[in-house]
Amino acid sequence: MSANTKPSAAGRVDAAPAPSDFIRDIVAADLAAGKHQRIVTRFPPEPNGYLHIGHAKSICLNFGIAREFGGVCNLRMDDTNPTKEEVEYVESIIEDVNWLVGGWADAHLGFKPKGRTPATVSSEGRPDFYQGPVWPPPQSEIRNPQSEVVEPFYASDYFDQLYEYALRLIRKGLAYVCDLSPEDTDKFRGSPDHPGQDSPFRHRTVEENLDLFARMKRGEFPDGRRTLRAKIDMASPNIWMRDPVLYRIRHTEHHHTGATWCIYPMYDFAHCLSDYLEGITHSICTLEFEVHRPLYDWILENLDLPRPLPHQFEFARLSLTYTVMSKRKLLQLVNEQLVTGWDDPRMPTISGFRRRGVPASALRAFAYHIGVTKYNGLTDVAVLEHAVRDELNRIVPRRLAVLRPLKIVITNLPEGHIEDLAAVNNPEDPAAGARAVPFSREVFIERDDFMENPPAKYFRLRPGGEVRLKYAYVIKCDAVVKDAAGNVVELRCTADLDSKTGGATANRKVKGTIHWVSAAHAVDAEVRLYDRLFTAPEPDATGDFKSCLNPHSLEVVTAKLEPSLREARPEQRYQFERLGYFVLDKDSNETTAGQPRLVFNRTITLKDTWAKEAQKR
RNA sequence: UGUCCGAUGGUGUAAUGGUAGCACAGAGGUCUUUGGAGCCUUUAGUCCAGGUUCAAAUCCUGGUCGGACAGCCA
C-alpha cells in the first residue's frame, strides 16, 4: 500500500459522532429493551452486476450500525436466480465491499467458515449455527475472503434448508404446486384495484403437493411448467399476498451450487429465511420492499420458527443528480461500450469511483452527510463532490503538472542553468514535508495562464505583466512569439532573480501565482480529464438517458509532469496544484516501445472561482 | 375508484409537545507563493385546512401533492 493512500483509511467523518437516523434509533431502542444480545445486520447484493454508490449507502448503513453497536454485518450473496448471476460479479462485490469497509469496519465484517451450511450443522436450523466456537474467526482471517478459512454468506448455501421449510409449508396446507402458465398466473393475480381469483390447483391434497414438489426437484418438468405457491389470499389488497410464487423451475447451472438444483426459491421466500438462518436482527432494505414486508413476516410466522425472528426496515434508496443508478442502465452503458467497463472512472460504480481516485473514506463521508430517511429525494452530486475534495485536500500530496503546455524562456538566466527549489508537499499537513523540484531556463506553463488581451480581473500572465512561478521567481513577460498562423508558441520572459524563497524580494506581492514544469526535466504522461457522464440533472427523467450523455465526459491530453511523478504507482493520488486531484491509472502498467507509460485520471477539479467569474461574462 | 409509504430553505437532513439547527449549493467579505484550503458574514424553510394543548414541524381529522406495488427478477 502506498504512503499516500494509507491515511485515507480513516477519514474526517469516521471519527465524527455516530450518525443518528430512524433506523439507528430503532436499533438503539431494541438493544435498550433487551431484545437482542448482539446486533446482526446484513448486506445482501444479488451478484448480477457491479456495486454502485447506492449500494455504498446501504453498506455504510449496515456496516455502520454493526460498527456503532458492536455487532456484525454479514456480506451475503442473494443468489437465487442463476440465469442472471455470475462469479465475476461475486468477485467484484467482495473486492468492493472490502475496499469500502477496510480500515473502518473490518472487525464487523461477517464472513463465515468456508463450506459451512445449515446442512453441516445439527442445530435444527437455529440461527446460531454459525456462531459456535468457530465464531468469530480470527481477526487475521476476517479480511481475506479468498482464504480457505472464510467466505461470504450465500443464500444458495441454504437451498437444502429452504427446501425443508417449503415442505413444512406444504404439510401445513399453506403451499401448493400450481400448474398455471406464467401468463395465466398473471391473469389470475388481478390488479392493484381488482382482486385476483383462486388458481384451479389451489386445493390439491398435501400428498399430491408433496409428490409434485418432489418431482419438480427431481427435474421431471420443464422450465415454467409448475411453481410452488404460498396459499394466502387472492383477494388481498396487497398484491404480494396473492399466493406468491415460492419456487420456480430453472434448468440452469448455478455459479455456486452447480447442477445440484433445477428449482430455485424466489426472493421473498429465500430472503426472510436467510435472514433468520443467519440470526439477522435488523434486515434493512430499500423502500420498494415495503409492500413485501407482510409476506416476509407471514413466511417466518407460519413456519413456527423459534424466536426471535428478524424484522425488516426500509429506507429510501439514493438518487443522485447527473447520474443513472439502475443496474439495467449501467449494464447497458457497459454492453453498448458507451463506457470502457464497469470500472470506467465515469461510472457511479464503487470500482469506477476507486479507479477515478475517490477514496473510500470520501464515500463514507458522503453517506454520513446524506443521512437515512424514508423520503425519496434527489441528492445534489455537489454533495458527493464536496466530500471527495474535502478528503483529498487533507490527505493527498501536491505536485506540479502542466496539462496544456506553453513554453517560456527566461532570458536572463544562463543556458544550462539548473537549480532545485523546495516545494511543500501538503500545506494542510506539515508532517508531509517538502521535496526538491528542478527549475531551469525553459519551463512550461499552462496555456490558460497567459492571455494576450485579458479581461478585467484576470490575475495571470499578460504581455508586459508579472506573475509568480510558484516556489520560484516572479517573472515578467517581455515578448510573445507566434507562428505563421498567429498562434502563441512561446513567451520570452525575465525573472526577478531575488524573488525566490529566501531572496531579497521574496515577499513581493504579485497578483497571480502559477504552476510550471522545467522543460528539460518534464515527464510526459497521458492525462484523462473526466467530467460528469450526463449533461442532464435527471437523466432518467428525460425518457432516454443515453440522449443526454456528455460528449465531453472524457478528454485526453499529453501533460508535462514534474520528474518526481515518475515514481507514482497505480491508485496513488496527487493534487496537481491549481488543477485538481489525479490518480495513477492501472493502464500505466503497460509499456509502449519499452518505455514506461504514465496514465493519470483526473478525479475532480479544484474549485475554480475564476471559471465561475469568467462564465458570468 | 386498491394497499402501503412519504412531505422542514434551491438540495439533503436535524429538532422525538417547549428558541426551527446543520451540511451542500448561492451571495458578499477576509486571507493567500494554489483564483485551492481556511476564516467571517449573509440569502432562504415546517404542503393546505381544521382540531387538541399554556405551547404543534411534532399529536388527531380531512384534504393536496409525490413515491412504491400487478416478474416464475431482486
Side-chain angles (χ1 to χ4, degrees), chain A residues 19-22 25 44-46 48 78-81 83-85 178 180-182 185-187 189-196 223-229 236-242 244-250 264 266-268 270-271 285-294 314 316 321 327 368-387 389-390 393-394 398 400 424 427-428 457-460 468-472 474 499-501 506-515 575-580 605-614:
Chain A
S20 160
D21 53 63
F22 76 100
D25 289 349
E46 184 190 14
N48 67 344
D78 209 357
D79 53 353
T80 56
N81 184 359
T83 62
K84 292 188 173 176
E85 297 155 9
C178 181
L180 247 27
S181 67
T185 307
D186 280 352
K187 274 188 208 135
R189 188 160 29 233
S191 62
D193 44 357
H194 290 287
D223 287 8
R225 181 69 186 78
R226 289 186 224 265
T227 57
L228 182 75
R229 301 175 68 178
S236 170
N238 183 335
I239 299 254
W240 292 99
M241 298 300 267
R242 319 239 268 227
V245 171
L246 265 21
Y247 270 89
R248 76 291 218 181
I249 300 170
R250 288 276 179 279
Y264 291 93
M266 297 288 292
Y267 163 85
D268 288 294
H271 202 90
C285 59
T286 44
L287 252 22
E288 65 268 28
F289 293 99
E290 214 160 13
V291 276
H292 294 239
R293 188 171 0 117
E314 309 87 13
T321 57
K327 274 191 196 173
Y368 180 94
H369 286 297
I370 59 176
V372 177
T373 65
K374 299 187 76 152
Y375 175 74
N376 268 309
L378 177 63
T379 298
D380 192 335
V381 74
V383 179
L384 207 213
E385 294 172 345
H386 175 264
R389 288 194 180 100
D390 194 42
N393 177 47
R394 290 169 42 246
R398 318 284 128 129
L400 260 19
V424 169
E428 307 294 320
K457 292 189 190 170
Y458 183 84
F459 299 163
R460 290 110 93 159
R468 177 176 289 280
L469 296 178
K470 178 129 188 172
Y471 303 123
V474 174
S499 64
K500 71 172 173 175
T501 305
N507 295 324
R508 268 189 64 196
K509 299 291 177 210
V510 279
K511 200 72 172 150
T513 299
I514 63 174
H515 57 279
Q575 182 197 103
F576 292 172
E577 294 222 34
R578 300 212 307 134
L579 296 173
T605 60
L606 251 27
K607 257 176 41 185
D608 187 347
T609 51
W610 166 248
K612 198 188 289 176
E613 179 71 29

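Per chain, numbering begins at 1; letters A, B, ... match sequence-line order.
What separates CD of A/E385 from P of B/rG12 is a distance of 16 Å, to the nearest Å. Protein atom NZ of A/K509 is 15 Å distant from nucleotide atom C1' of B/rG35, rounded to whole Å. The distance between atom CZ of A/R508 and atom P of B/rU32, rounded to the nearest whole Å, is 16 Å. For the pair A/E288 CD and B/rA70 C1', the interatomic distance rounds to 16 Å; values are reported in whole Å. Separating the NE2 atom of A/H369 from the C1' atom of B/rC22 is a distance of 10 Å, rounded to the nearest angstrom. Here the P atom of nucleotide B/rG36 and the CZ atom of A/R394 are 20 Å apart, to the nearest Å.
Spacing between B/rU34 and B/rU19 at atom P, rounded to whole Å, works out to 45 Å. Between the C1' atoms of B/rG38 and B/rU46, the separation comes to 34 Å (whole Å). Remark: the separation of the C1' atoms in B/rA23 and B/rA56 is 26 Å, to the nearest Å. Taking atom P in both B/rC48 and B/rU64, the straight-line distance is 15 Å, to the nearest Å. One C1' atom belongs to B/rC47, the other to B/rG28, and the distance between them is 33 Å to the nearest Å. Using atom C1' as the reference point in both B/rC60 and B/rG67, the two lie 24 Å apart (nearest Å). B/rU32 and B/rC40 have their C1' atoms separated by 15 Å, given to the nearest Å. Rounded to the nearest Å, the gap between the C1' atom of B/rC65 and that of B/rG29 is 41 Å.
Figure legend. B/rG12 is base-paired to B/rC22; pairs are counted as Watson-Crick or G-U wobble with both atom distances under 3.5 Å. Across all strands shown, B/rC69 pairs with B/rG2; the Watson-Crick or G-U wobble distances both stay below 3.5 Å. In this entry B/rU53 has no Watson-Crick or G-U wobble partner, no candidate having both defining distances under 3.5 Å. Under the Watson-Crick or G-U wobble criterion, with both distances below 3.5 Å, B/rA27 is paired with B/rU41. If you check B/rG17 for Watson-Crick or wobble pairing at under 3.5 angstrom, you find it has no partner at all. In this structure B/rU46 sits in no base pair that meets the Watson-Crick or G-U test at under 3.5 Å. Nucleotide B/rU58: unpaired (no Watson-Crick or G-U wobble partner with both distances less than 3.5 Å).
In this structure, A/I370 reaches the sugar-phosphate backbone alone: every heavy-atom distance under 4.0 Å involves primed, P, OP1 or OP2 atoms, never a base. Using a 4.0 Å heavy-atom criterion, one finds that A/K607 contacts the sugar-phosphate atoms exclusively. Among the protein residues, A/K500 comes within range of the nucleic acid bases, having at least one heavy atom under 4.0 Å from a base atom. The residue A/P427 sits close to a base: some heavy atom pair falls under 4.0 Å. Within 4.0 Å (heavy atoms only), A/E46 reaches sugar-phosphate atoms of the nucleic acid but no base atom. Within the nucleic acid shown, A/N507 has no heavy atom closer than 4.0 Å to any nucleic acid atom.
Nearest-nucleotide assignment on RNA chain B puts the 5′-proximal partner with A/K374, out of A/G377 and A/K374. Closest-nucleotide positions on RNA chain B for A/L579 and A/H194 were compared, and the one nearer the 5' end corresponds to A/H194.
Between the side chain of A/D608 and the backbone N or O of A/A611, at least one donor-acceptor pair lies under 3.5 Å.
In this structure, A/Y267 and A/H292 have perpendicular ring planes: the angle between them is above 60°, well past the 30° mark.
Using a 5.5 Å limit on the distance between ring centres and a 30° limit on the angle between planes, the aromatic ring of A/F459 counts as stacked on the six-membered base ring of B/rG35.
Side-chain nitrogen and oxygen atoms of A/K511 include none within less than 4.0 Å of the OP1 or OP2 phosphate oxygen of B/rU32.
With distances taken from any side-chain atom of A/M266 to the nucleotides B/rG71, B/rC69, B/rU33, the minimum falls on B/rG71.
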